[in-house]
Amino acid sequence: MFRSVVLSASAALGAVAACSAPASAQDQDTQYWLYLTGTFPVANGVSNTTEISPRWRESSNIFQVRTTFETRVAKGIKLGGGGAVINFAGGHEIRPHQQMVLSSGHFSARTRFEERFFDGADRVEFRLRQNVQYSQPIVPDTDLWVGAEALFILQNHDDNTTQRGDQWRGEIGLRHHLDDEFTVSVAYRGIYTVKENREDTLNNVAILTLAWKP
């Protein structure tokens with residue numbers, strides 16, 4: 001088990017390093033995100049996860065509410081969909097999404113397609129997100145996880161620009177089970193955003209998650 005933990009931590013630090021390696025020449029900021037999530041059954045074979053997420057940033061704060069419905073279609077395969085509302089300084093965004101989650105043992109992978117509707121935008125923006133994660137118990141009731149995610153802009157909401165703003169994310173965190181229903185997690189996430197006509201950016205994000213699943 002110790003070897004698995006070391007390998008997991010090394011992988012996470014590698015992902016974070018990949019995000020932050022060019023940081024000396026990039027814009028950086030520090031952010032604090034809170035997730036309050038609840039997951040519960042809504043029908044036979046269908047569950048809902050709803051999250052509330054205020055996010056404090058050096059520039060302007062964000063408040064996001066997301067809900068997702070999922071159903072298991074085969075062993076280790078879930079299909080789902082839902083949407084989010086994001087409020088930010090000067091406007092808001094409506095973001096429907098569809099997704100597939102594959103899981104096997106300690107590994108999981110999520111493919112999510114998003115349609116992003118911004119206030120006053122020329123058109124809908126399309127974004128593809130690919131997430132992979134590995135989790136490993138380290139002590140009773142506590143798991144370590146590492147993850148990476150790539151976000152690709154397939155169509156920008158501004159039809160007069162070629163700017164994409166693709167992102168690469170690396171994450172490492174700890175999850176503790178308080179009891180059979182409640183968990184608390186802490187994590188670090190590095191978000192590296194590629195800009196074509198401006199400096200790339202690196203966001204250093206501290207995350208606290210409180211989750212309920214009856």
Side-chain angles (χ1 to χ4, degrees), residues 29 31-43 46-71 73 78-102 108-133 147-169 171 185 187 189-198 200-201 203 205-213:
D29 75 349
Q31 303 182 14
Y32 302 92
W33 295 9
L34 172 65
Y35 285 100
L36 303 174
T37 72
T39 301
F40 46 89
V42 293
V46 179
S47 65
N48 173 262
T49 298
T50 296
E51 65 181 37
I52 299 172
S53 180
R55 302 175 181 185
W56 295 272
R57 309 187 304 172
E58 293 182 10
S59 54
S60 61
N61 298 332
I62 289 177
F63 185 80
Q64 174 177 298
V65 178
R66 184 195 304 276
T67 189
T68 302
F69 294 88
E70 283 187 310
T71 183
V73 296
K78 290 183 179 180
L79 296 180
V85 178
I86 300 97
N87 288 312
F88 50 87
H92 68 274
E93 174 191 348
I94 306 296
R95 188 190 300 174
H97 68 271
Q98 305 79 42
Q99 66 183 40
M100 177 175 65
V101 178
L102 307 177
S108 66
R110 185 193 68 203
T111 302
R112 174 179 287 174
F113 185 74
E114 298 177 326
E115 303 85 38
R116 309 179 69 189
F117 297 87
F118 294 94
D119 282 341
D122 297 326
R123 59 188 180 182
V124 61
E125 180 168 294
F126 297 122
R127 184 166 70 175
L128 179 66
R129 303 175 59 165
Q130 181 61 59
N131 176 283
V132 293
Q133 188 175 108
E149 185 173 26
L151 297 82
F152 302 103
I153 304 296
L154 306 179
Q155 174 178 282
N156 196 288
H157 62 273
D158 185 351
D159 59 10
N160 293 317
T161 182
T162 59
Q163 181 77 19
R164 289 172 57 88
D166 294 339
Q167 288 186 2
W168 303 89
R169 300 182 176 187
E171 182 170 299
S185 305
R189 179 179 295 166
I191 304 176
Y192 185 74
T193 305
V194 179
K195 304 292 182 74
E196 294 182 7
N197 302 316
R198 294 179 292 162
D200 297 346
T201 60
N203 308 120
V205 185
I207 302 174
L208 172 64
T209 302
L210 304 176
W212 170 61
K213 185 177 181 180

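Keep in mind that the numbers below use all heavy atoms, side chains included, and drop hydrogens, waters and symmetry copies. As the structure is a prediction and not an experimental result, all values here were calculated from the model. Residue indices begin at 1 and follow the sequence shown.
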J.: Which residues pass the side chain to side chain donor-acceptor pair (under 3.5 Å) test with Asn203, not counting sequence neighbours?
T.: Asp29

J.: With sequence neighbours left out, write down each residue that passes side chain to side chain contact (heavy atoms under 4.5 Å, CB included) with Ala206, or none if nothing qualifies.
T.: Tyr32

J.: Could you go through residues 84-93 and list every donor-acceptor pair under 3.5 Å that involves a side-chain atom there, pairing it with any protein atom two or more places apart or in another chain?
T.:
unit_1	atom_1	unit_2	atom_2	d
His92	ND1	Asp119	OD1	3.4
His92	ND1	Asp119	OD2	3.1
Glu93	OE1	Arg95	NH2	3.2
Glu93	OE1	Arg116	NH2	3.2
Glu93	OE2	Arg95	NE	2.8
Glu93	OE2	Arg95	NH2	3.3
Glu93	OE2	Arg116	NE	2.7

J.: Starting at CG of Asn48, measure out to OG1 of Thr39 and round the result to the nearest 0.5 Å.
T.: 7.5 Å

J.: In chain order, what residues pass the side chain to side chain donor-acceptor pair (under 3.5 Å) check against Ser59, with sequence neighbours excluded?
T.: none

J.: Is there a side-chain hydrogen bond (donor to acceptor under 3.5 Å, both in side chains) between Thr50 and Thr67 once you walk through the steps?
T.: CA-CA 4 Å; Thr50 296; Thr67 189; 3.0 Å; yes

J.: With sequence neighbours left out, write down each residue that passes side chain to side chain contact (heavy atoms under 4.5 Å, CB included) with Leu34, or none if nothing qualifies.
T.: Leu36, Pro54, Trp56, Leu208

J.: For Thr209 and Ile207, which heavy atoms make the closest approach, and how far apart are they?
T.: OG1-CG2, 3.8 Å

J.: Can you run down the salt bridge (charged side-chain N to carboxylate O under 4.0 Å, His left out) pairs that involve residues 47-62, sequence neighbours left out, and say none if there aren't any?
T.: Glu51-Arg66

J.: Not counting sequence neighbours, which residues clear side chain to side chain contact (heavy atoms under 4.5 Å, CB included) with Lys195? List them please.
T.: Gln163, Thr193, Arg198, Asp200, Thr201

J.: Once rounded to the nearest 0.5 Å, what's the spacing between atom CG of Leu128 and atom CD of Glu114?
T.: 9.0 Å

J.: Could you list the residues that satisfy side chain to side chain donor-acceptor pair (under 3.5 Å) with Arg123, not counting sequence neighbours?
T.: none

J.: Counting C-beta onward and ignoring hydrogens, is there a side-chain heavy-atom pair between Phe40 and Thr49 closer than 4.5 Å?
T.: no

J.: Would you compute the distance between atom NZ of Lys78 and atom OG1 of Thr68 and round it to the nearest 0.5 angstrom?
T.: 11.5 Å

J.: Under 3.5 Å, side chain of Asn131 to main-chain N/O of Ala109, donor-acceptor pair present?
T.: no

J.: Do Trp168 and Val194 touch side chain to side chain, with heavy atoms closer than 4.5 Å?
T.: yes

J.: For Glu115, enumerate each residue passing the side chain to side chain contact (heavy atoms under 4.5 Å, CB included) test, keeping only those at least two apart in sequence or located in another chain.
T.: Pro96, Gln98, Phe113, Phe117, Val124, Phe126

J.: Classify the side-chain pair Gln133/Ser108 by whether it contains a donor and acceptor separated by less than 3.5 Å.
T.: no

J.: Is any side-chain heavy atom of Arg110 closer than 4.5 Å to one of Arg129?
T.: yes

J.: Should the pair Glu149-Arg189 be classified as a salt bridge under the 4.0 Å nitrogen-to-oxygen rule?
T.: no

J.: Using the side chain to side chain contact (heavy atoms under 4.5 Å, CB included) rule, take Trp33 and Ile62 through it: C-alpha gap first, then chi angles, then the decisive distance, then the call.
T.: CA-CA 9 Å; Trp33 295 9; Ile62 289 177; over 6 Å; no

J.: Are the side chains of Thr71 and Val73 in touch, meaning some heavy atoms are under 4.5 Å apart?
T.: yes

J.: Any non-hydrogen side-chain atom of Leu151 less than 4.5 Å from a side-chain atom of Arg169?
T.: yes

J.: Tell me every residue that passes ring-ring contact (aromatic ring centres under 6.0 Å, His included) with His157, counting only those two or more places apart in sequence or in another chain.
T.: Phe118

J.: For Glu70, enumerate each residue passing the side chain to side chain donor-acceptor pair (under 3.5 Å) test, keeping only those at least two apart in sequence or located in another chain.
T.: Gln99

J.: List the residues meeting salt bridge (Lys or Arg N to Asp or Glu O under 4.0 Å) with Arg164, not counting sequence neighbours, and say none if there are none.
T.: Asp166

